[in-house]
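Predicted model, so just to flag it, every value in this text is computed and none were measured. All values below come from the heavy atoms of this structure, side chains included, with hydrogens, waters and symmetry mates left out.
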Protein chains: 2
Amino acid sequence: MLSKDEEKKISSAVIKRLPRYYRYLGELLENDIERISSKELSVRMDVTASQIRQDLNNFGGFGQQGYGYNVEYLYNEISKILGLEKTYNIIIVGAGNLGQALANYIDFEKSGFVVKGLFDVNPKIVGISVRGLEIQDIDNMEMYVKNKHIDIAVLTLPKQKAPKIANDLAEWGIKGIWNFAPTDLQLKDKSVTIENVHLSESLMTLSYRIKDRV
Amino acid sequence: MLSKDEEKKISSAVIKRLPRYYRYLGELLENDIERISSKELSVRMDVTASQIRQDLNNFGGFGQQGYGYNVEYLYNEISKILGLEKTYNIIIVGAGNLGQALANYIDFEKSGFVVKGLFDVNPKIVGISVRGLEIQDIDNMEMYVKNKHIDIAVLTLPKQKAPKIANDLAEWGIKGIWNFAPTDLQLKDKSVTIENVHLSESLMTLSYRIKDRV
DNA sequence: TGAAATTTGACAGATATTTCACAAAAGACT
DNA sequence: AGTCTTTTGTGAAATATCTGTCAAATTTCA
């Protein structure tokens, strides 16, 4: 049970592990597994049971001594913790290959992320339909964001264009930015949350680990 | 200077920061900035100067007291550390939207990652040309990997198909897997390095941080 | 029903990571 | 040339994170 004045700061290391717990619990659920102990989950996930228990206990005591955790209950609780029971309206800014790929990635919708619009500066692709959505000219974006209660913007555009657009979006009331542009956005409005996906950096860490065998 | 029997294990926290240093140094280089102190870089990057110095010193003393770091030299050193002076042959397995998007992402090539082939099971897209490369049937993949010295496989396919293909690729001598399938691959061959990009998990952590404002 | 086995939640101890602080080296300035 | 300033590299201190342990609660089994 969460206390009313829950102020304890949860470390981001913990937060980053939650989606993985969530994924494994979802798989257990699909396999009609009703309960699971931290020990057994730890074996499947290759982490320590202690870590699982400690992570979960940041948010409340979801288990039962001698029993373990009820899979469905825990799955739903983690869903709530992550905010996945809500629906987020999303736009994708930059409808190139990556933007279109993300628009087509149906799995996001299962977690409550609904793509409402795609925007691009390139007149050649404006009007093209992607998964039932017409790519719009980016000049329409201000009106759209302001009127349609957009929560999250996905930035899949060149790094040169990203900072200005990010600041505009922040001004128009966006809550979060999922940034794929290879740059660190510094927004004036610090209340906007930025999550970076720097694919190049990910690939470089892979390079580091294999370099002596290539 | 690195000692000959360099056995010191570098923490992955450090490794994950290197590409970001590399990116900032690249920008300094583009702006013809010749030298930089850890203090100034720390302001630009919003990390502590101490962390920068400590991170770099895991690999050698690249700076000079009273001077700082020579931008070009440090850039090149980090490039070597990350293994970016090598060329990696890559195939993309799963030529759907995301696979094609990655194939088109020219920036990777700048860092030495060369896309040599795209494969898919779907006969409808086999033969389609993406950036000068024809999508091939996945049945050709074994021969291709074995003959063409492929180092890295990018997995952009459904999670059901990923484990088997990953194991096959490992058997055929691949060194690294850049995995976009939403699953944790457990390979028999432990010498293959796996780097996961779990986009859903990234989006969920964004959700966590904005959920109380949506 | 009662004894044995299981398993959590909590906390303490162990590791890991980050920051601080400063001697020593080099540059900058007069 | 000499003094002052800058700035690194390093070891130590401070934080943060992870793991081990165990009492207490509950389930399981006979």
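You'll find that the side chain of B:Tyr69 is closest to D:dT8, out of C:dT17, C:dT8, D:dT8.
Distances shorter than 4.0 Å separate some side-chain N or O of A:Gln64 from OP1 or OP2 on D:dT26. Between A:Thr48 and D:dT19 there is a side-chain N or O to OP1 or OP2 distance below 4.0 Å. Residue A:Tyr67 places none of its side-chain N or O atoms closer than 4.0 Å to OP1 or OP2 of D:dA24.
Not a single donor-acceptor contact under 3.5 angstrom links the side-chain atoms of A:Gln65 to the base of D:dT26. A donor-acceptor contact under 3.5 Å links the side chain of A:Gln54 to the base of C:dC11. Taking only distance into account, the side chain of A:Gln51 never meets the base of D:dT17 through a donor-acceptor pair shorter than 3.5 Å. No hydrogens or angles were tested; on distance alone, a donor-acceptor pair under 3.5 Å links the side chain of A:Arg53 to the base of D:dT21.
Residue-environment remark: CD (B:Glu109) exceeds the threshold of 12 foreign heavy atoms within 6.0 Å.
Checking A:Asn57 against A:Gly66, the closest nucleotide of DNA chain C that is more toward the 5' end is the one next to A:Gly66. Projected onto DNA chain D by closest heavy-atom contact, B:Ala49 and A:Arg35 fall at different nucleotides, the more 5' of which corresponds to B:Ala49.
Annotation for A:Lys148 and A:Asn89: closest pair O-ND2, 3.7 Å, computed over non-hydrogen atoms.
As rounded to whole Å, 14 Å separates atom C1' of D:dA16 from atom CG of A:Asp55. Residue B:Lys16 contributes atom NZ, which lies 15 Å from atom C1' of C:dT18 at whole-angstrom precision. Note: NZ (B:Lys39) to C1' (D:dG9) measures 18 Å, nearest angstrom. What separates CG of A:Leu41 from C1' of C:dT7 is a distance of 14 Å, to the nearest Å. One atom, NZ of A:Lys9, and another, C1' of D:dT17, lie 14 Å apart when rounded to the nearest Å. Regarding B:Asn70, its CG atom lies at a distance of 13 Å from the P atom of D:dT8, rounded to whole Å. Following rounding to the nearest Å, B:Ile52 (CD1) and C:dT17 (P) show an atom-to-atom distance of 18 Å. If you take CD1 of A:Ile36 and P of C:dT6, they are 16 Å apart, rounded to a whole angstrom.
Here B:Leu84 contributes atom CG and B:Ile78 contributes atom CD1; the two are 10.0 Å apart, rounded to the nearest 0.5 Å.
Nucleic acid contact for B:Ser50: base, since at least one base atom lies under 4.0 Å from a heavy atom of the residue.
Listed for the B:Lys86 side chain is a donor-acceptor partner under 3.5 Å among the backbone atoms of A:Lys211.
For B:Trp172 and B:Tyr144, the ring centers are positioned 6.0 Å apart or more.
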